[in-house]
Structures are given as structure tokens and as C-alpha cells.
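To start, the structure under review is shown below, and the notes come after it.
Reckoned from all heavy atoms, side chains included, excluding hydrogens, waters and symmetry mates. Convention: sequence-line order gives letters A, B, ...; per-chain numbering from 1.
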Amino acid sequence: MEGGSGNNSAPPSTTFDKSKVLDVKPLRTLVPVFPSSPQTPPFVCAPPSGPFPTGFTPFYPFNGPQPNPPDLNQQTHTPAPLRSFRAPLSNGEVSRDGNADGSIDAPTKRPVGRPRSTSSQKKAKKDLDVALSVANTKFVVGISFSQKQDGDREVVNSVRMRFDALRRRLSRLEDPKESVSRADLKAGKILMKKGARTNARKRVGVVPGVEIGDIFFFRIEMLLVGLHAQSMAGIDCMVVRGEIEDLLAVSIVSSGGYDDEAEDKDVLIYSGHGGNVNSNKKDKQIADQKLERGNLAMERSLHRNNEVRVIRGMKDSISATAKVYVYDGLYRIQESWVEKGKSGCNIFKYKLLRLPGQPSAFAVWKSIQQWREGFSSRVGLILPDLTSGAESIPVSLVNDVDEEKGPAYFTYVATVKYIKPFKLMEPSYGCNCRSACAPGDLNCSCNRKNGGDFPYTANGVLVSRRPLVHECGPTCPCIPNCKNRVSQTGLKVRLEVFKTKDRGWGLRSWDPIRAGTFICEYSGEVIEKVKTRQDGEGEDDDYVFDTTRVYEPFKWNCEPGIVEEDNNDTTEEYNIPSPLIISAKNAGNVARFMNHSCNPNVFWQPVAYEQNNESYVRIAFFALRHIPPMTELTYDYGTTCTDEADGNNALHGKKKCLCGSPRCRGHFG
DNA sequence: GTACGTTCATTCAG
DNA sequence: CCTGAATGAACGTA
């Protein structure tokens, strides 16, 4: 397993029998490349040099005990910080927290003449709302008052993951009669009402826990973490009270709806709002923009010279209208002017400059776009496709940190080999669906095996972790792009294998990745037992995936009871019919390059499907949270069950962890 | 597959 | 408290 640099310098052809792996299709061999640099040292097994925290949890748990609950019971108002531009606790804020009375059926005024929903639709919607409202009472928030006002990284991640878990769960209901439209809004509404948000107090500048480069797929997500507190409007502003009361812009979203110029990575020409430029009203009356609200705030911020957060919105490839938002850090407004728009009406324009010294975010996206279009070459590119066509999309091999020309020789296999079937409790011959298997169709035996709970959303995103995901297999008659074949259809995310600074080769993506996205399976050769030096088997096999290791439990699924009929087993403990050990030392795919982290962004999930009336289990990797482009992909390797009573060093075979997470366990493997 | 219109939402400011 | 503006998002149609 790629855990460090120690394995990458083995001579390519002397340590294993190539013929054994070269006669099976569809194999592609990686062009042999030899490290030109001196051998890098193998993994150090030195004892930890400092105190390592115990009681690790991979991320802030949704509920249940927390290692160090920060201010969990604090109910008193924290005094408003003396820092300028921080919104004081308003009465409105307190009252919103206090009386979440759930009046979700409050009538909303519609513009006259707008067609109204049919009564049956309204009834269905109301029923669902009531169900959601009832479910809310069981909902454990676990976010303290002070965390709601001012967050940190853990709270921000917790809110974002909880939002998406809930959104996926709500959008899973694909029976058209019960379909939830705008699951994002529904999930956001529930979380808002329960106070499961953070950084609710507006502020100028940095939002604690939100990092430059963070990505969002819904406006509501940015609202929940306090990055941009408007559900639709592009300019967010706040009133500051000082010697004179002032209105300041705090954040803007550049989404392409207006005539912005967003070509330069450090400069943004932003248009003011209003004038019905992009109104969804029937009358396309275009008017001059007025110096009010957001426009006024931008003008005041120009004179005050305060920092303005900039979020860049872009088209997401997942669908025609989907967007992805990238937090690009702090800018300052340099100048403003008024110009005539296409229709001849006045439009406010603002020129913003990015503050220097910030990590790049949008610039990374620009570079990737250039590489894709071939306008610029990737620095340090060694191979455009290390799979030699074994995958349907290329995987680049890149080294921009040193001279090493590639990992040690291995054979690229897109899927696992020598896999053994396991016996099912009851024999199964796949489903009988003619076209695509339909979620909710209990005539489909694959659906029944999944407890009637379709594992994926319409976008092919995993809804929840479960003991075993049952996909349709090669002998199911449904169409090849049936939605229940996500892990069999090959790579969808554009990946690259790259040289890390201190952990050998690693894996990362050019594409932004939504939580729950399938990344790859763990390919390789199924083996009976892990080879170790101790057993006289030569060197340790570090490219191993082993289901019998001990894995740190973590919570990924949405809380049970959010949706009324959602009473299925929500356990996230895996149930694998028989242990599975895969070695990718000699043959494997991109998964062999994924490094370990104690705070990973990827997790594995066993997936079963049938072939010739037998069932097989494979290991599929999914994104644990949203992953920005060029962020290293990591998962938790787990730990071997070391028998400490046998006199051996309990750390034998374990490797010093370099993941750098605050909750690092110190060792892994 | 993209482009555009329609529809139904939500939050916050005024 | 009430109202409406607002650089949403999904979906249907061309």
C-alpha cells in the first residue's frame, strides 16, 4: 500500500514473477520507469517523538460524546468581541434561537397571477413537511450557542457533512409521488430551524473554520457556515455601529448571472444588483440600478477599504445547471463606476483586487482548465496516462517536487483479480429489470437485497454507508448504465498520481468531488495472507487492503428519523460475508497510491454483485466530504490486530503517520 | 448536450 | 410583523 516512499524504489522485475500477472486481460503495463534519485529511506518505525492524542475521532461526530466538547453547555451570551465589524447579538438572533416553533406551513404570498400548485401536490408537500417537523424532535443538534455564533474547522465540517447527508437522504426519495424537490432547501431549512449552523454572526473578513479553497455545491451550504448569509442575493452586507452607522459589504458571490469579468485570477469586475437585469419576473423592464442595499454597501466598503470575501461560482459538470462555488479568500474594492449596460441602463461596477499572500484557490481551477484544454502543459508531467488506456479516462503521473521519475514497476489492472465468490444465504440470480432499475421498485431483487433502499441518488452519489451495498451484476439484464452499477463503470473523476513532499506518491483529483462520489475500487490480487518480513517472505507487502484490520468507526449517514418512513437499519458497520485481502503490490490501480490519513477525505465501502450466479465483494472508495481539486485523497488504513502478548513489539509493521491531522494517532498499518 | 424559460422555493433586510 | 428582492436550482422544452 502506498504509504510512503520506501516501496517505490524496488527493482522492477526481480522481486516478483511477472508472467503470473501478464497473461490476463485487460491488463496494461505501466511504462517501466526507474527512480533516478538515490533510494529514499524506508518508513521509520521510531517511537512517537511527542504526545499523541488518544480518543481520536476522524471528524466531529454528529452526535454522541465528543472528545473535548467545546462550550457545549454554555448558554450565556459571550460578550461581543471588541474587534470592529463584528455583528452584536441582536434581539432577532436570540428570539430566532428561542422559539423554533416550526410554523413551516405559514402561508407565503405569491405574486398575483402566478399559477398555483394543485391541491394534491400541496397536500403531499404538507404531509411531508409535517413528517419532517415531527422528525425534528428527535434530532440531536450538538452545536453549542457559542459554536453557533463563532465556529471553527471542526464545527464547520460537521455542519457541512450533516447538511449533505441530510440532503442526500431527502433526495433519495425518488418515488415521484413523494419526491422532494429542492432537497437542498429542505435540508437547509431543517438545519436552520434546529440551529445546526455556525458563524451565524456576520463579520468582515475571515470566517473561522472556513478555508480558502473550500467548495460548496449549494448556496444554502455557504449560509449554514456563515460564509455568505444570503440564500440568493449576490452581495451580503451588514450594519456596523461606530461613531457613525455604516453599511459594509462582507461577501459577494460571482456566479455569472450578471456581466462580470472573472477572467483574471486576482481581479474581479463585479456588477451591482437590481434593475431587473436577471429578474425572474415576467416583465423584463430594465431599469437603472439604484445606489441602495448591496450596491450602497459596496460603495461604503470602497471608502472604508474593508476586506470582502469573494466566492466564485462555476458550472459543475454533474449536470447542465449545477454549480460549484469556490471560496477564493479576501479581496478589497479598488474602484467603482457606473456604465451603460446592453440595454442602455446604468449598472454599477466594482473592481476588486485579491489580497496578496493567500493560498491560491480559483487560480488552481484556472490552471486545471488550461491543462485540460491543452493551452499550457502540466509542470512535472511524466506520463499523460499511467493506465495506458486501461481506464476510460486518463490518469496523469506528475512529479513537481523532485527528480524521481515514477513509482516502482507494477501492472495496471482496472479491477480486482482472483476474486473468490461467497455463498449467499439464499441463492440469487440478479434482477429481471429490462431497462434501468427503478428506485422503489420492489419487483427488482437487487432493490430488495438493499432493503428497498436504493443506494445511490440520481446523480450516482452514495446516499449512506451500509453493511453491504448490493449492485446489479453482469448477469442482471438491466442496461449497463443502470443507476445501481456505480462502482463498476470505471473512473469518472479525473485523477493524477503525484509525488508528495514526504509521503511518497499520492493521489489527487483535477475535478471537484462531492461527498459520496465514487472514486475508485481497490484493485489488485486477492491473497490469503499478508506477507511480512517476519514470515520470511522477503520484504513487507505495503500495498495491501485488508478487511480484517481494525477501522476507526465514524458517522457519515444522516441521523435516523429525519424522514418518517426512514426506519431502515442505519448501521454503518460493515458486514462482509468473508474476509477479503487484496494485494496491489504487483498489480493494482490508482487506489494503491492513496495514502493514509487519520483525518481522511475518502472511505471504503464493501459492494457486492453477482456474476454467473455467484456473489462477489469488492472494495469501493467514496468521498467522505466535498474535496476541492488538487487536494490529496486519503483514507484510514486501519490497524492490524497486533497480539501484544506474543512478545513482539506492538508497533511491528506499523508506520509513523505523517498525516498532520490534529487528531493524528501517530502510527498506522 | 446546451440554452433558455418556468416554477417553486428560502432568507434576510427594510 | 409583513413584504418583496435576490448572481437558485430543478426540470421541461427546443
Discussion item. Measuring centre to centre across the rings, with the benzene-like ring taken for any Trp, is A:F622 within less than 6.0 Å of A:F518?
Written reply: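 Yes, they do, as the ring centres are separated by less than 6.0 Å.
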Quickly work out the [X] [atom1] to [N] [atom2] distance and round it to whole Å.
X	N	atom1	atom2	value
A:M222	C:dA6	CE	P	18 Å
A:K193	B:dT11	NZ	C1'	15 Å
A:D236	B:dT11	CG	P	14 Å
A:K189	B:dT11	NZ	C1'	11 Å
A:N459	C:dC11	CG	P	9 Å
A:K290	C:dA6	NZ	C1'	15 Å
A:D316	B:dG1	CG	C1'	15 Å
A:N295	C:dA5	CG	C1'	12 Å

Worksheet item: Which residue pairs satisfy the side chain to side chain donor-acceptor pair (under 3.5 Å) criterion with at least one member in residues 478-487 of chain A, sequence neighbours excluded?
Response: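 Of all non-adjacent pairs touching residues 478-487 of chain A, those that pass side chain to side chain donor-acceptor pair (under 3.5 Å) are A:E471-A:S487.
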Could you please name the option among [options] that lies closest to any side-chain atom of [X]?
X	options	answer
A:H273	B:dG14, C:dT7, C:dA10	C:dT7
A:T321	B:dT11, C:dT7, B:dC4	B:dC4
A:Q230	B:dT2, B:dA13, B:dT10	B:dA13
A:M192	B:dC4, B:dT11, B:dA9	B:dT11
A:Y270	B:dC4, C:dT7, B:dT11	C:dT7
A:K202	B:dC12, C:dA6, C:dA10	B:dC12

Discussion item. Counting only side-chain nitrogens and oxygens, does A:Y325 get under 4.0 Å of the OP1 or OP2 atom of C:dA9?
Written reply: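 For C:dA9, OP1/OP2 do have a side-chain N/O of A:Y325 under 4.0 Å.
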Worksheet item: Who pairs with A:Y327 by ring pair (Phe, Tyr, Trp, His ring centres under 6.0 Å), at least two apart in sequence or on another chain?
Response: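 Not a single residue meets the ring pair (Phe, Tyr, Trp, His ring centres under 6.0 Å) criterion with A:Y327.
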Worksheet item: How would you list, by chain and number, every residue that makes a ring pair (Phe, Tyr, Trp, His ring centres under 6.0 Å) with A:Y325, sequence neighbours excluded?
Response: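 With neighbours one apart ignored, the set is empty.
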Without placing hydrogens or testing angles, list every side-chain donor-acceptor pair under 3.5 Å for residues 209-218 of chain A, not counting sequence neighbours.
| unit_1 | atom_1 | unit_2 | atom_2 | d |
| --- | --- | --- | --- | --- |
| A:E211 | OE2 | A:R153 | NE | 3.3 |
| A:D214 | OD1 | A:R153 | NH2 | 3.1 |
| A:D214 | OD2 | A:R153 | NH1 | 2.7 |
| A:D214 | OD2 | A:E211 | N | 2.9 |

Worksheet item: Between A:K290 and A:N295, does a side-chain hydrogen bond (donor to acceptor under 3.5 Å, both in side chains) hold up when you go through it step by step?
Response: CA-CA 7 Å; A:K290 292 178 189 149; A:N295 298 348; over 6 Å; no
Discussion item. Assuming nearest nucleotide by heavy-atom distance, tell me which of A:S255 and A:S319 is located more 5' along DNA chain C.
Written reply: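 It is A:S255, whose closest nucleotide lies nearer the 5' terminus.
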Discussion item. If you assign each of A:A233 and A:F217 to its closest nucleotide in DNA chain C, which residue comes earlier from the 5' end?
Written reply: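 Between the two, 5'-proximity favours A:A233.
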Discussion item. Stem list for DNA chain B, please, built from Watson-Crick and G-U wobble pairs under 3.5 Å and keeping only runs of at least 3.
Written reply: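 Runs of three or more consecutive pairs: B:2-8 with C:8-14, B:10-14 with C:2-6.
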Fill in: Cation over ring face, A:R168 and A:W556, 6.0 Å, 45°
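That pair qualifies as a cation-pi contact.
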Practice prompt. Starting from the 5' end of DNA chain B, give me the residue, A:L185 or A:A229, whose nearest nucleotide shows up first.
Written response: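 Final value for this comparison: A:L185.
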Item to complete: Looking at every strand, decide which applies to A:L223 at a 4.0 Å heavy-atom threshold: base, sugar-phosphate, or nothing.
Response: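 Counting heavy atoms under 4.0 Å across all strands, the contact made by A:L223 is with sugar-phosphate only.
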Worksheet item: Please, which pairs that meet salt bridge (charged side-chain N to carboxylate O under 4.0 Å, His left out) have at least one residue in residues 329-338 of chain A, sequence neighbours excluded?
Response: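 Those involving residues 329-338 of chain A do not exist here.
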